[in-house]
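Below is one structure, written out as structure tokens, with a few remarks after it.
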Amino acid sequence: MRSVPDWLRRHPGLAFGLLAVLLAVLPFIVSIGLGRGWVRVLDFALLYAILALGLNIVVGYAGLLDLGYIAFYALGAYLFAWLSSPQFGLHLPFWLVLPSGALLAGGFGVLLGAPTLRLRGDYLAIVTLGFGEIVRIFMNNLDAPVNITNGPQGINLIDPISIGGFSLGARHTILGVHVFPPTFYYYLFLFFTLFTILVAMRLQDSRIGRAWAAIREDEVAAAAMGIDTRNIKLLAFAMGASFGGLAGGLFAAFQGFISPESFNLMESVMILCMIVLGGMGNIPGVILGAVLLTVLPEALRYLGAWQRAALGHVVVDPNDLRMLLFGLAMVAMMLYRPAGLLPSRQRRREFRAEDGAAEQEAASLYDAKA
Amino acid sequence: MTTLLTVENVTKRFGGLSALEAVSLTVNAGEVYGLIGPNGAGKTTLFNCMTGLYTVSAGVIRLDGVPIHNRKPHQIVGRGFARTFQNIRLFANMTALENVMVGRHARTRTGVLGAVLHSRRCLAEERDSRQRAKSLMAFVGLKDRSRSLAGHLSYGDQRRLEIARALATEPRLLALDEPVAGMNPNERREMSELFRKLRDAGITLLLIEHDVKLVMGVCDRVAVLDYGKKIAEGVPDEVRRNPAVIEAYLGGAVS
């Protein structure tokens, strides 16, 4: 990254320290500077970062286009709701429920992966899209004959996460300062985001990560190099899905309420956009994409107020304008930075195809001359 | 001399077309075995059947006496049979070293947990893979190209890299599909040097080649395929004088 100043590059420890301090005090800065509501936005940014990093394993590393990723988020959220809400009268502790959600989602990841192994590209996208919709529709309709999901009304009064009797869902006064739930959840989500980053990083740099990259590049050659393409692809589905399930559980606990509405196709598309916008396959890029696409739409809500301030009245409904600007931004991105804001080493090369082509041509000319 | 690979009556049909018809051959351990024949004779099809990319319609292929036909490619690699491709299939956007390290996949065991926790085995395997990959790159003559992108290497170097990658799987039998195609005479000479080095390292080579001179110079034995059938087999000199072979290559006699 060229944008990093030299003095920071020379002292990576110092850079990490600064980043750690910044992340630690961020919710307080944000709530003082922008208002308490923005801490919630921050929480969602972290949640989406986990989701985007999970989907990045499937799409960015293994090259399997998954348009139904939100289904795993839904499964994690619903499992959390079932196991700790009045819906079934169960109130299991979060340290049991969160991993179960990840496991359930991972299992469904394999279930989705198995029949789609032979599919690539467009075909895989369509099947996964269908899967995402099926899960949502199931959640919408599983309220009769036996009420499992409470249908479109969703499940309410989900237990907040409480660690050793300290509920993250209540206001606490610490050192005379009122601290609100979103701040507590911020730290919890930050922890899980860092955990996800660690797992994604280490996997990427392992033989498994190389196998994913190989499959993405050339599946036949990967198989001929001794990679069990079936298992390695299923593993990508399972790993990605588990993070979706984990994020879903966190979401359910944070919101206290879930309904099928939260898990529609648009959400899957948004998460995919985060990856593409930020830089597919590159962890900092994916996080940047997640943060931008969570914060930007919120910031654009102020468009109404700005219009009133500048023009005296609201000309265009801020909600419409918001989506319009958002769409424009995406189009501009794809035109000017197709590999994303912070592309991975590999993507940058792929999108610089001309260079490679020129070199190849030079090489073949050399062969012809000799 | 022990037999390493036996192909017995292998037939491969695509719809009504027989690409291979009852082909049989045996490759002995330690030899360089050439597979020649005109374009479309079925050489690559036979390779694909042997390495698990195609299922065979009939017949048996054994490696060390164990049937390997209709097994998955990765299982066959696991048994010590690696290959390269006629139209180079490298992982173009990975570095040369990473390409070779992918070849270590079949010989390493680290799972998700080990990789995430950086278990002792994971770190040891990773170090070992890197080291082996580097020495293999040096072996094929690509010592300084580790960090280059595979797709950016020159054509000849890509062929070498593909061989290094296949060698990383620790094969006993290495099948090379037209490894010198498109190379200039200089590069061809260097490649035949490499083949000898490989044989001296104890690796049995199976070679598809068009360049008759190279085949005659390097191979211990040769089989000739034409229209999916084996029309000759033997030591190069003998095969070269075989009338059926001459006819296949030059067309029927005029008189």
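- Summarising the local packing, NZ of K197(B) is surrounded by more than 12 heavy atoms from other residues, nucleotides or ligands at distances under 6.0 Å.
- For the residue pair G226(A) and H105(B), the shortest heavy atom distance occurs at O-CD2, 3.7 Å.
- Taken from CE in M225(A) to NE2 in H74(B), the straight-line distance is 13.5 Å, to the nearest 0.5 Å.
- Top candidate by heavy-atom pairs under 4.5 Å with chain A, chosen from P73(B), G78(B), G52(B), C122(B), is P73(B).
- At a heavy-atom separation below 4.5 angstrom, chain A is approached by R165(B), A166(B), T169(B) within residues 164-172 of chain B.
- For the atom pair CG of D218(A) and CG of N99(B), the computed distance is 10.0 Å after rounding to the nearest 0.5 Å.
- Using a 3.5 Å distance cut-off with no hydrogens or angles, the side chains of T108(B) and R207(A) do pair a donor with an acceptor.
- M94(B) and A213(A) get closest at one heavy-atom pair: CE-CB, 3.8 Å.
- Heavy-atom proximity under 4.5 angstrom to chain A picks out nothing from residues 130-143 of chain B.
- The line from CD of Q75(B) to CG of D228(A) is 7.5 Å long, rounded to the nearest 0.5 Å.
- The 12-atom threshold is exceeded at CZ of F14(B), counting heavy atoms of other residues, nucleotides or ligands nearer than 6.0 Å.
- Neither the backbone nor the side chain of E162(B) comes within less than 4.5 Å of any heavy atom in chain A.
- Interface remark: V116(B) contributes backbone and side-chain atoms alike to the contact with chain A (heavy atom separation under 4.5 Å).
- The local environment of CZ in F108(A) is sparse, with at most 12 non-hydrogen atoms from other residues, nucleotides or ligands closer than 6.0 Å.
- For I76(B), no part lies near chain A; criterion is any non-hydrogen pair under 4.5 Å.
- When all heavy atoms of I208(A) and V112(B) are compared, the pair lying nearest together is CD1-N, 3.6 Å.
- Around the CG atom of L113(B), the shell of radius 6.0 Å holds no more than 12 heavy atoms that belong to other residues, nucleotides or ligands.
- Only the side chain of M239(A) comes within less than 4.5 Å of a heavy atom of chain B; its backbone N, CA, C and O stay farther away.
- Around the CZ atom of R89(B), the shell of radius 6.0 Å holds more than 12 heavy atoms that belong to other residues, nucleotides or ligands.
- Side chain of E217(A) to backbone of N93(B): a donor-acceptor contact under 3.5 angstrom is found.
- Remark: side-chain polar atoms of E98(B) are not paired, donor with acceptor, to backbone N or O of R210(A) under 3.5 angstrom.
- What you find for A221(A) and F91(B) is that their closest heavy atoms are CB-CE2, 3.8 Å.
- The two residues V77(B) and A224(A) have their closest heavy-atom pair at CG2-O, 3.2 Å.
- With a 4.5 angstrom heavy-atom cutoff, R79(B) does not touch chain A via any of its atoms.
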